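Given the structure is predicted, the values throughout are model-derived calculations rather than measurements.
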Amino acid sequence: MKKLNILQPEVRVAYLNGSNQGMDYLRPFRDLEPDALRKDVGNGAAQFKELMEIIDSQKKPPKCVIINCNSVEEGLMAVDYLAVFFNREDEARECLDSWEDWEDDCESDDECEEYMFDTEDDGIDSCFTDGEGRWQEDPWKIPVVKYESLSMMFPMVNFAPQNSFMYGGAASGQNNMPGWYYALKESICFVARESDRITVDKLKRYRENKHVFIIRVKDEDAGMIHECWREHDQEDVLEQLSEVAFEFAAEIVNIGADEETMKNYRANLFENFVEEKGYALTEKFPVDNVVRKITGEKRKNEPSFIGKAIDYVTRNIPKGAELEEKHFKILNKLKMFAKMDEEKKEGKAMSRLENELIGMEDVKKQVKRIVRTMKFHRRRRERGMKNSFYHNVFMMVGAPGTAKTTIAEILGDIMAEEGLLKGGEFIAINGAELKGQYVGHSAPKVAKIFEENDVIFIDEAYSIAAGAKGEYDSFSQEAVAQLVSELEKHGEDRLVLFAGYGGTDVSEKDNRMKDFLDINPGIKSRINATISFNSYSADEMVDIFMHRAKMEQYTVGEDADAVAREYFEERRNAPDFGNGREARSLFENAVAEVAQRVADVPEEEITDQMLSEILAVDVKNAVEQLKLGDAAQRGAVTHKTKLGFVG
């Protein structure tokens, strides 16, 4: 298992001079090596990669670092990584002279360690004060201060008489100032919202500190640490931030990565937390599913939440045990997870429509139009208003492989989620399957299909009219008659989708769905809308290929997409072009070519990269195999073999 050095920041509380005045401070992990950040970035923490630029480009640590990030915890982890490196530098070591002087007076090394690395489980320290009850500074203990506290306090500090200064509701003299007020030598960290007005005047008191870290959290993610805010013009905020950066010669870094990278990082965090807490996972443990359940959408950048969830699950499980997925079902007892499941379920099908399907923008718009229209009619019914009868009967036309069945399933799921259907039972059948095996069998067969299913997808609908000799026989007539009856009876409480070859890209003589509509005027009159599926472009086919590779955790090598695009451009002109199915076929054949290539490598030399990388040569060989197969299916002669006899 790849090991991350920092799983979460360690934030503690200090109570100074025996008072109830608490102060948060960050304790960087002193035992880490200076290259801990580089190792963690390599092991999945790619959101911190910009920090590497500070470390690699600086001859000495910068005075001030402004960190733009998604959450407070993410920002504190960035400070943690930087502090480990900064404190190892020569200038930072000089800051430890005061500790060395104190260590000379210690009776033993153990006594020094106990003082420098308090390990009380309650996370509270009360002894780190100087003789006057003020915070005793230490480069390995960084005060964490809400910037709003600085903003609210300084006008009072600058202009109010000392004896009348109020803090925490009581008259305060100098010794009752917050602990961080006197942290003027070592590092200090301020946490602000990105809309906060950060100014030079507010920070100049800390000009002589070794390092000043300013964490700027996105407004929507900072609510947990800020209670009152004054909104400022964003342009003004950024201008003043630039002045701070200029005045303090600050480095500005952005923390973050794409969702797929963060997904892998959270899975890595989970596995490391499990190991650190003394447990193991079963061989087929569904890490991604469990982590998704724990983190949800709102807590996706909170590493400590993963650790706390594991603590809750394992509180009655002995150390060393293997954890199974069923152990994490206990989280459902907590309202926060039950509510999260409800939120994730709501709109899940619509999210699939938006995010999982390549292209198809017109189709997506038509699906949304259907759903909105049905919701409109439902609202009228619920309010007792006069309501017209709305048939949930639609037609899908297009070439094979254009995701008609997938769209039908998603549309059915959307209607079930929105409460537009009583249930979500889905059936996909061929038109010919509506016909019975003997006279009188077709009608009850069709009726049973409508009785048992909520979403009925009838592909190649025109095949209902084709008898044994391609004729509209008595079996077809009986099935069609019952079909018309069911459409009238269940027009509102069922979703019926007729699909097949047709549309504006097809000539009239080849429009099979038109033949279906001509069978019986009663069918055409009950179809409320037609969804047209256009064939995919070559670029969309490449996107489908790449999406499939990503979903199955393959990387695609340089120029491989160009080989695939050239193949798809050629295939689009073929009369039997299969659209999305061809992207799937090319991907599966490319994987087969990877298998052939790796088979010749000695077992001890096979790496994870070899097992998960599709190269351009693999795609090229897959194309050749597909072309040979196509030629064989069409009966084309690709070569001649001479036959003879040996005398």
Could you pull out all donor-acceptor pairs under 3.5 Å where a side-chain atom in residues 549-563 meets a protein atom, sequence neighbours excluded?
residue : atom : partner : partner atom : Å
E552    : OE2  : R548    : NE           : 2.7
E552    : OE2  : R548    : NH2          : 3.1
T555    : OG1  : S612    : O            : 3.3

Which of these passes ring pair (Phe, Tyr, Trp, His ring centres under 6.0 Å) with F328: F285, Y312, Y279?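 The single option meeting the ring pair (Phe, Tyr, Trp, His ring centres under 6.0 Å) with F328 is F285.
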Please set out all donor-acceptor pairs under 3.5 angstrom arising from side-chain atoms of residues 536-545, sequence neighbours excluded.
residue : atom : partner : partner atom : Å
S537    : OG   : E540    : N            : 3.2
D539    : OD1  : R565    : NE           : 2.7
E540    : OE1  : S537    : N            : 3.0

Rounded distance [0.5 Å steps], [atom1] in [X] versus [atom2] in [Y]:
{"X": "R526", "Y": "E488", "atom1": "CZ", "atom2": "CD", "value": "4.5 Å"}
{"X": "R571", "Y": "L586", "atom1": "CZ", "atom2": "CG", "value": "11.0 Å"}
{"X": "F270", "Y": "L323", "atom1": "CZ", "atom2": "CG", "value": "7.0 Å"}
{"X": "K524", "Y": "K514", "atom1": "NZ", "atom2": "NZ", "value": "7.5 Å"}
{"X": "H490", "Y": "I456", "atom1": "NE2", "atom2": "CD1", "value": "8.0 Å"}
{"X": "I519", "Y": "L483", "atom1": "CD1", "atom2": "CG", "value": "9.5 Å"}

Please tabulate, for the side chains in residues 406-413, all donor-acceptor contacts under 3.5 angstrom to protein atoms that are two or more places apart in sequence or on a different chain.
residue : atom : partner : partner atom : Å
D413    : OD2  : R352    : NH1          : 3.3

Nearest non-hydrogen partners of [X] and [Y], listed with the distance:
{"X": "V619", "Y": "A564", "value": "CG1-N, 4.0 Å"}
{"X": "A257", "Y": "M262", "value": "O-CG, 3.9 Å"}
{"X": "A461", "Y": "F498", "value": "CB-CD2, 4.0 Å"}
{"X": "A622", "Y": "E593", "value": "N-CG, 3.7 Å"}
{"X": "L434", "Y": "V446", "value": "O-CG2, 3.5 Å"}
{"X": "A267", "Y": "D288", "value": "CB-OD1, 3.7 Å"}

Please say whether the positively charged group of R512, taken as NZ for Lys or CZ for Arg, lies over the ring of Y462, i.e. under 6.0 angstrom from the six-membered ring centre and within 45 degrees of the axis.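 Positive - R512 is close enough to the ring of Y462 and near enough to its axis.
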Are [X] and [Y] linked by a side-chain donor-acceptor pair shorter than 3.5 Å?
{"X": "N264", "Y": "N268", "answer": "no"}
{"X": "Q482", "Y": "E478", "answer": "no"}
{"X": "N430", "Y": "S463", "answer": "yes"}
{"X": "N589", "Y": "Q625", "answer": "no"}

Electrostatic pair K364-E361, nearest N-O below 4.0 angstrom: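 Answer for the salt bridge query: yes.
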Under 4.0 Å between a side-chain nitrogen and a carboxylate oxygen: does that hold for K329 and E324?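 Salt bridge between K329 and E324, a charged N being under 4.0 Å from a carboxylate O: no.
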For atom [atom1] of [X], is the number of surrounding heavy atoms from other residues, nucleotides or ligands below 6.0 Å larger than 12?
{"X": "K49", "atom1": "NZ", "value": "no"}
{"X": "E604", "atom1": "CD", "value": "yes"}
{"X": "E613", "atom1": "CD", "value": "yes"}
{"X": "Q437", "atom1": "CD", "value": "no"}

What I'd like to find out is whether the side chain of [X] reaches to under 4.5 Å of the side chain of [Y], using heavy atoms alone.
{"X": "M374", "Y": "R378", "result": "no"}
{"X": "I429", "Y": "F457", "result": "no"}
{"X": "L497", "Y": "L495", "result": "yes"}
{"X": "N392", "Y": "V496", "result": "no"}
{"X": "I606", "Y": "E603", "result": "yes"}
{"X": "E322", "Y": "L281", "result": "no"}

[Y] backbone acceptor or donor facing [X] side chain under 3.5 Å:
{"X": "N520", "Y": "G522", "value": "yes"}
{"X": "K404", "Y": "A399", "value": "yes"}
{"X": "S442", "Y": "G436", "value": "yes"}
{"X": "E582", "Y": "G578", "value": "yes"}
{"X": "R380", "Y": "F376", "value": "no"}
{"X": "T402", "Y": "G398", "value": "no"}
{"X": "E570", "Y": "E566", "value": "no"}
{"X": "N621", "Y": "D618", "value": "no"}
{"X": "T314", "Y": "I317", "value": "no"}

Output field: ring centroids Y501/F516 closer than 6.0 Å: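 Ring centroids of Y501 and F516 are no less than 6.0 Å from each other.
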Checking V591 against E588 for the side-chain contact (heavy atoms from CB on, under 4.5 Å) test, could you report, in this order, the C-alpha distance in whole Å, the side-chain angles of both residues, the deciding distance, and whether it holds? CA-CA 5 Å; V591 171; E588 291 175 353; 5.8 Å; no
